[in-house]
Structures are given as structure tokens and as C-alpha cells.
Asker: 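Before I ask anything, here is the structure I am working with.
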Amino acid sequence: MADPKGFLTTGREVATSRPVEERVKDWNEVYVPGSLLPIISKQAGRCMDCGIPFCHNGCPLGNLIPEWNDFAYREDWTAASERLHATNNFPEFTGRLCPAPCESACVLAINQPAVTIKNVEVSIIDKAWDSGDVTPQPPERLSGKTVAVIGSGPAGLAAAQQLTRAGHTVVVYERADRIGGLLRYGIPEFKMEKSHINRRIEQMRAEGTKFRTETEIGRDITASTLRKRYDSVVIAAGATISRDLPVPGRDLNGIHFAMEYLPLSNKVQEGDLTVSPITAEGKHVVVIGGGDTGADCVGTAHRQGAASVTQLEIMPQPGTDRAAHQPWPTFPMLYKVTSAHEEGGERLYSVSTTHFEGDEDGNVQSLHLIEVEFKDGKLNQKAGTERVIPAQLVTLAMGFTGTDQQNGLVEQFGLELDERGNIARDAQYATNVPGVYVAGDAGRGQSLIVWAIAEGRSAAAGVDRHLTGASDLPSPIRPTDRALMA
């Protein structure tokens, strides 16, 4: 363990954010650079000798959290980085983007604020990059086997890196113009600057992984061609079909899916566009959906100069403390104030959109909503609670329903789907098609980044075993494993 009395003598401290009035004027990450390092060793020292570290149960990657907390407390950053990378290919991604179910499962969180596991993680990896401890790890010998990975999100990249290091020749196919999937175009720059992706890609290139952008399997290359070209295929195409809102007025101009809106703002930051074709500047913005993607839309709208921002959520407002039916160590549904919410805007809970209204040119101008409540498992509208709010830009951030089937990938491979519409797989992540595997949201459905990386690592072990007869690659989770929920 770290400091035997750390959890008794040291309170929880988190990363310091830049002032709101400063950060909404740029797209840099919201935290003060370097603010964690002076405090993080003591924070790591709060990790207890808890006997059974339930943080392991909260994290699907099986991160060795008490071990790298101990090294961080002792400021042995090289050893901490080695422990961190033993279970996680991309801790700089998870340390910035994961909602930290490990902290919800922290034993200290039974009656005190949890250890700042996520902050310790990102401090270790940032220090490792700065110190030159993150280097390419090319294989000692090649297997002669070839693997195609479809999709370059966290699941695809994790599978590709594991298989490359195992000695296979791996090519990652991405339909966008840059590598990274939703990490690249779905996550705003203020949550994770894309330089973190770029240096990982360079590391992977140096290890031998090859990348092909602007290539969509099913359209640009057929599934049959890919199967002839490679010994195995990993499908990590994500769950990219956005959930729609079929109400009157949905076809008005100015109503967009979040994944139509967010990528364009990232394109501006990449230098591809001067101004986003879909901008919130001077407009009353309504974000429908109360999750992380909705919060990303809120923060983006602030930076584009929105006149107002309102976020709608159909569910009731969560409490600030664990509910009785969500006991430790499960991941509770709590009221969360993200950096985007700190920057302004209004949040409305228990409301449902009934219809949109537009002007004579077909542009959305207002949104009609009504309060709702759940009774006996049914959603009921509350009479007399209708209201109208201005809406000149509406983003739909209500989640995703499955992987893209319009491009022909599912049909061309002849893949079977499960009852939820995801690509079916067995215990080894293999689909019904020999040599074809699936990892991440394409098989699991919409989930967290830690689950995507864990699935990529696990699917890589299945592919390696298929190609060589055995595998030493770790397989942290089974396809049927689920988050620790009540």
C-alpha cells in the first residue's frame, strides 16, 4: 500500500479547472496544465490497504490500481507507468474520458470521498510521455499472419496494438479521413486534445501497425475482398446509428444529430474548416439528451457563442448521494456537473419534446415540451405542463442504437445479430463467420471507453489463439460481462 494513514490525513483534491471566462474562449483542455503533479502523490497515498480492492471490480480492464497508486505515492513514475500499461493500452484516453466506475467501487467511498484514481492515472501517463518512458514495442519476430481491423476507435486501436505486438501484420481501416473514430471526431478538443491520439498513432506506426483512412468496408472494399486478403478480421466499427426523435417538425432545418454537429467543430480545430457549417453562434440552442454526449454539445455551443443553451432530459434529476437501490460498490446514477455545465446553460429534467415549430423558410424556431413522470413502468405526460422554448439549433444526443448496416458490412460478411441488434459473437469474440471477430460497441452496444479497450484486448487474444493455436495475450473480460450495476 501507499501511505498507511493517507486516507485519514489527506482529503480528496481534484484537478484545477481554468476559469470559465477564460476557457470558453478557446478549445484547449479545461484543466490547468501541470496542476495535478504537485498534489497527486499525496492523493495516491489515500489508497488503502483494503484487502480486497473492489476498484478492480469497477474497472473492466482489471487495472492494478493499488499497485500504481503506491508507485505514484513514492514518485517512482517509471514503475507506475509499467503497471498502468500492463492492463491499459491508452491510459491518457481513459484518464481524461472515462467516468471512473473504479472510483464508485473504491472501498474508501463507502463512507468517504473516493481516491482520485482517474487523476492519478492521467498524471502517471502524462509524466511517462514527458519522461520518454512511452516507447514503441515492436515484436521480436513476425508470425506471417495478417489481420484487418475495421474501425479505429478505442476497441479497434487496442486490438490492433495487441495483435501487432504479438507479431501479426495488422492493418487498421477507418472510413473517416483521420484515425481515432469517436475519439477523434466525437470528443471535443476541450475534453481531450487530439495531440494525445496523434502520438499514440505514431507509437503504433513505429511498432508496425498500418493505417488506411477514407476506406469504408462494405462500400470501398467488399467484405469478400477483405477476407481473401487477410487471415483474420476484427470488426470494431462501433455503434454509430444515432437514436432519432420522430415527432412533428423533425424535418425542419437546424435539427441535427450530435454526431453531425460535434465532428464539424473538431474539423475546425483540425484546420480543415474555418467555420463550422453548423454553428451555435448567436442562436438559442437546445440539446436533447442528458448524457455525456449532450454535455459535449453544451460545451461546444458555449464556445461557438450561443445566445442560450438548454439541455433536456426525459428522466428525473438524479440525487447527489447514492440511492438505497444503488449500493456500494455499484456505479450509481448521480447528479453530475461537468465542465460544460459549469460554463452556463439550463438543465431541464422529466420533460419530453412533443413537436418543433419553424419559420416560413423551414428553419426551426421553437420546441414544445411537456413534463413527464414514470408510474407503474410507464411514461405519462402531466396535463397542463406544456411550454414552449426558443430553439434555433437543436442537437439530438439520445444515444446510439447499433452498428451501421447501410454500408453493406453486416450483409456482405453474412453476420448474425443478437436480440439487441448487435453483431453476435461467442465466448472468444468470434462471429458466425470463420476468422471474423467483433469487439467494442459493435458487439456490446453503446458503452464506455474502458469497456471498448477491454473488449479490444480480449478480442485480440481470441484472434491470436485462432491464428496460432494458443495465446499469451490477456483477455480481461468475457463478451457477456456487464458493468457493476444494481
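For the numbers below, each heavy atom of this structure counts, side chains included, while hydrogens, waters and symmetry mates do not.
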Asker: Is the shortest heavy-atom distance from the side chain of Pro476 to the side chain of Thr87 under 4.5 Å?
Answerer: no
Asker: Which value, rounded to the nearest 0.5 Å, describes the distance between Ser41 atom OG and Leu36 atom CG?
Answerer: 11.0 Å
Asker: So with a 6.0 Å cut-off around CD1 of Ile52, is the heavy-atom count from everything else above 12?
Answerer: no
Asker: Mind checking whether Gln428 and Arg465 have side chains closer than 4.5 Å, heavy atoms only?
Answerer: yes
Asker: Once you round to the nearest 0.5 Å, how far does CD of Glu455 lie from CG of Leu61?
Answerer: 11.0 Å
Asker: Distance from Thr431 atom OG1 to Tyr437 atom OH, nearest 0.5 Å?
Answerer: 8.5 Å
Asker: Would you say that more than 12 heavy atoms from the other residues, nucleotides or ligands in this model lie under 6.0 Å from the CZ of Arg478, or not?
Answerer: no
Asker: Checking Leu467 against Ser143 for the side-chain contact (heavy atoms from CB on, under 4.5 Å) test, could you report, in this order, the C-alpha distance in whole Å, the side-chain angles of both residues, the deciding distance, and whether it holds?
Answerer: CA-CA 9 Å; Leu467 294 176; Ser143 67; 5.9 Å; no
Asker: Any side-chain heavy atom of Phe211 sitting closer than 4.5 Å to one from Leu157?
Answerer: yes
Asker: Is the shortest side-chain heavy-atom distance between Leu473 and Arg165 below 4.5 Å?
Answerer: no
Asker: When you check the side-chain N and O atoms of Thr78 and Asp133, is any donor under 3.5 Å from an acceptor?
Answerer: yes
Asker: Counting neighbours of OH on Tyr31 that are heavy atoms of other residues, nucleotides or ligands and sit closer than 6.0 Å, is the number greater than 12?
Answerer: no
Asker: Can you tell if the side chain of Tyr185 reaches within under 4.5 Å of the side chain of Asp177, non-hydrogen atoms only?
Answerer: yes
Asker: For a salt bridge (charged side-chain N to carboxylate O under 4.0 Å, His left out) with Glu202, tell me which candidate from Arg200, Arg205, Arg199 qualifies.
Answerer: Arg205
Asker: Would you please say whether a donor-acceptor pair under 3.5 Å links the side chains of His196 and Glu29?
Answerer: yes
Asker: How many angstroms lie between CG in Asn57 and SG in Cys106, if you round to the nearest 0.5 Å?
Answerer: 12.0 Å
Asker: Is the closest side-chain donor-acceptor distance between Gln304 and Ser265 under 3.5 Å?
Answerer: no
Asker: Can a salt bridge be assigned to the pair Glu174 and Arg184 using a cut-off of 4.0 Å between side-chain N and carboxylate O?
Answerer: no
Asker: Does the side chain of Lys191 come within less than 4.5 Å of Thr338's, by heavy atoms?
Answerer: no
Asker: Does atom CE of Met259 have more than 12 heavy-atom neighbours from other groups under 6.0 Å away?
Answerer: yes
Asker: Can you confirm whether His85 sits close enough to Gln137 that some side-chain heavy atom of one is under 4.5 Å from a side-chain heavy atom of the other?
Answerer: no
Asker: Check whether more than 12 heavy atoms from other residues, nucleotides or ligands sit under 6.0 Å from atom NZ of Lys194, and answer yes or no.
Answerer: yes
Asker: Answer whether the closest heavy-atom distance between the side chains of Lys336 and His341 falls below 4.5 Å.
Answerer: no
